[in-house]
Amino acid sequence: MCGITGWIAFDRDLTQERQALEAMTDTMCCRGPDDGGAWVRRHVAFGHRRLAIIDLAGGKQPMSVDTPDGEVALTYSGEVYNYVELRDELRARGHRFTTASDTEVVLRAYLEWGPEFAEKLNGMYAFGIWDARSDRLVLVRDRLGIKPLYYYPTEGGLLFGSESRAILAHPEAETVINLEGMREMFGACKTPGHGVWAGMREVRPGGLVLLDRSGLRERVYWKLTPREHTADLDTTIGEVRDLLGDIVRRQLVSDVPRCVLLSGGLDSSSLTAVAARELAEQGERARSFTVDFTGLTDNFQPDSMRGTPDSPYAREVAAHVGAEHRDIVLSPDAMLDPETRAAVVRARGFPIGIADVDVSLYQLFKAIREHSTVALSGEGADEVFAGYPWFHIPAIRESGIFPWMMPLVEMLAEAEVDEIFNDRLSANLDLETYIQDQYRTAVAEIDRFDGDDDDEHATKVLKYLHITRFLPLLLDRKDRISMAVGLEVRVPFCDHRLVEQVYSVPWDMMTFDRREKSLLRAATGPLLPDSVAQRVKSPYPATQDPRYAAELQRMAKELLAGKDHPVFEIMNRKWVEETMSVDPAAMPEVVRESLDRVLDAASWLEVYRPRLDLG
């Protein structure tokens, strides 16, 4: 896993501009703490920061190959899990390799097949290729958008980077957030291609961007499309079981220590069990980590979202499969550390997210990084296997909005939470219209399978929306926060083969026992303790310590004391003032999260100092 960046300028000599490239590359030292490199020619400059995972000595980047017609160079982030098979195929076609890295496989695959080679890759990746034979840049991103890749067109070419801050470090990039960017930040969905910052774009998941002297073109090489499913239930369960085993086996390949993120829920427990089985065949033990909060397990209070604490179930799974397990226990003081919160905001790039979750993820990953460099995580299982409760509520299917927003709307109404944005911004944002437009755009993308009736098509709409609009939010958060501490997180449930297969399974088969994630439970349940296999879904844990809410109030009070803080160009001062009178021990979770977002917005403004163009 790495951080990449680049600058294409057909109108200037970039061999004289190394300082700007270095500034861009330096913003991603946390993504690649092991090594750095630069490759500069007259009209192209590539930067790279490396987190060494495979072929520690031979995978240095940027990597280039001389051909009779010109040089071809690559700067690459991610992992290609089928690189061994591709290398064998390329060797049979006459290619000779000088390293054991997947980087060289990617580069030579491009030499053999051109941009179409992306269709052959299995993995999570983002990379830029400069082809001097045609003076062309090729940007490629994996199918699900696991690895980020942004670009910023300029008058003479473009800038690109794994993170927006790499681009913003360049003097030609403006640090501006307009209304469109604000809508995207607070709209609770991720629009493919949207870069949030004014003038910035994101390479779409499953997409390519091609730039040459004639201009810039975008192309999609993969789209989630339904296909006929003819297998019976037992065969389908067996196919899911076998495919998940193959995926985990591939994603365990590493030349550095690896582990599993274990919550004690069905998703992470399934990965832990499969990983433990695969590693046992190699004479190794799986290692697992769980996040917990001081006093949470002993003093846990069930609520509408979380019925049980995670740690007891996680320890039960670890003991069942023979994993070496650790609980990472966090305190409220650690969660509120100003430097940590600022580091999380820097990593995210903009104030989207759930602050206490993001901060605890950061601290969890930082603790794990002391023991492992690679971690497997369960992101994607709920989206692929229909794990959220609202998948099973017909009224939500027919609501005409993104289904994950319905519970939030209900929580806000119950808590009587007023608008947290100030009146001017609230009127100009018109978030309701923006969200409706994004919903209609997403639904219009969906291909309808000829054999599906209206009900079956409606379930595919739900799955498509989650995989293309909700899952990217989770993947983006996981990438940014994990890479902020140099930890590579792999997501087996986002293997495109599994996504394609389960997407086409009929709903009656997806929910054959009338429960959530029926297929996954049937495929992996025999490997798990029965208590875990039957456990009801519980979201990522949040602290219940009232000291956390009290400290948020204290921090907000400091904001209110500074009357000219720019956060109140966005947020509603009156709303923040009203939260001062709420009893911390009785503060509704949705209010606490909203207050967290106000404080994150304040930190973001201080860290990035953007120019706000809000109409």
With a 4.5 Å cut-off on side-chain heavy atoms, are [Y] and [X] touching?
X	Y	result
His229	Pro506	yes
Arg219	Pro115	yes
Thr524	Leu271	no
Met571	Asn422	no
Asp479	Met124	no
Val203	Leu208	no
Leu520	Val384	no
Phe46	Leu137	yes

Given Gln438, Glu184, Glu202, the one that forms side chain to side chain donor-acceptor pair (under 3.5 Å) with Lys190: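 The residue from Gln438, Glu184, Glu202 that satisfies side chain to side chain donor-acceptor pair (under 3.5 Å) with Lys190 turns out to be Glu202.
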Are [Y] and [X] an aromatic pair, judged by ring center distance below 6.0 Å?
X	Y	result
His466	Tyr388	yes
Phe391	Phe470	no
Phe127	Tyr125	yes
Trp507	His457	no
Tyr151	Phe160	no

Please give me the minimum heavy-atom distance between [X] and [Y], naming the atom from each residue.
X	Y	answer
Leu121	Leu86	CD2-CD1, 3.7 Å
Pro492	Val248	CB-CG2, 4.4 Å
Tyr83	Val80	CD2-O, 3.2 Å
Ser377	Lys478	OG-NZ, 2.9 Å
Leu159	Trp7	CD2-CD1, 3.3 Å
Leu90	Ala109	CD1-N, 3.8 Å

Do the side chains of [X] and [Y] get close enough for a salt bridge, i.e. N-O under 4.0 angstrom?
X	Y	value
Glu379	Arg477	no
Arg490	Asp495	no
Glu79	Lys147	no
Asp358	Arg480	no
Asp447	Arg227	no
Arg348	Asp476	no
Arg108	Glu112	no
Lys537	Asp267	no
Arg469	Glu445	yes
Arg440	Asp437	yes
Asp246	Arg250	yes

Does a donor on one side chain sit under 3.5 Å from an acceptor on the other, for [X] and [Y]?
X	Y	result
Thr5	His48	no
Tyr81	Asp102	no
Ser162	Ser77	no

Interatomic spacing from [atom1] in [X] to [atom2] in [Y] - rounded to 0.5 Å:
X	Y	atom1	atom2	result
Glu239	Asp234	CD	CG	11.0 Å
Glu172	Glu155	CD	CD	8.5 Å
Ser164	Tyr152	OG	OH	12.0 Å
Leu266	Arg521	CG	CZ	5.5 Å
Leu216	Ile8	CG	CD1	11.0 Å

Under the 3.5 angstrom rule, does the side chain of [X] hit a backbone N or O of [Y] as a donor-acceptor pair?
X	Y	value
Ser504	Gln501	no
Tyr608	Arg346	yes
Thr235	Leu233	no
Arg448	Asp452	yes
Ser426	Phe421	no
Arg31	Cys2	yes
Gln61	Tyr76	yes

Whether Trp604 and Trp197 hold their rings parallel, tilted or perpendicular, with breakpoints at 30° and 60°: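 Judged by the thresholds at 30° and 60°, the geometry between Trp604 and Trp197 is tilted.
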Parallel, tilted or perpendicular, as decided by the 30° and 60° cut-offs, for the rings of Tyr439 and Phe402: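 Correct class here is perpendicular.
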Verdict with reasoning, Glu432 to Arg183, per salt bridge (charged side-chain N to carboxylate O under 4.0 Å, His left out): CA-CA 10 Å; Glu432 183 176 352; Arg183 293 179 184 119; over 6 Å; no
Verdict with supporting geometry, Leu376 and Ser268, side-chain contact (heavy atoms from CB on, under 4.5 Å): CA-CA 8 Å; Leu376 271 59; Ser268 64; over 6 Å; no
Exceeds 12 heavy-atom contacts within 6.0 angstrom, atom CG of Asp450: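 No, because the 6.0 Å sphere around CG of Asp450 holds 12 heavy atoms or fewer from other groups.
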Pair Ile177-Arg611, side-chain contact (heavy atoms from CB on, under 4.5 Å): steps then yes or no: CA-CA 6 Å; Ile177 291 285; Arg611 179 167 64 85; over 6 Å; no
Test side-chain contact (heavy atoms from CB on, under 4.5 Å) applied to Ile129 and Val140, step by step: CA-CA 8 Å; Ile129 296 174; Val140 183; 5.5 Å; no
Pair Leu474-Glu383, side-chain contact (heavy atoms from CB on, under 4.5 Å): steps then yes or no: CA-CA 11 Å; Leu474 306 182; Glu383 292 74 22; 3.4 Å; yes
Steps toward side-chain hydrogen bond (donor to acceptor under 3.5 Å, both in side chains) verdict (Ser518, Thr511): CA-CA 5 Å; Ser518 305; Thr511 57; 5.6 Å; no
Evaluation steps, side-chain hydrogen bond (donor to acceptor under 3.5 Å, both in side chains), between Thr154 and His170: CA-CA 11 Å; Thr154 62; His170 192 281; over 6 Å; no
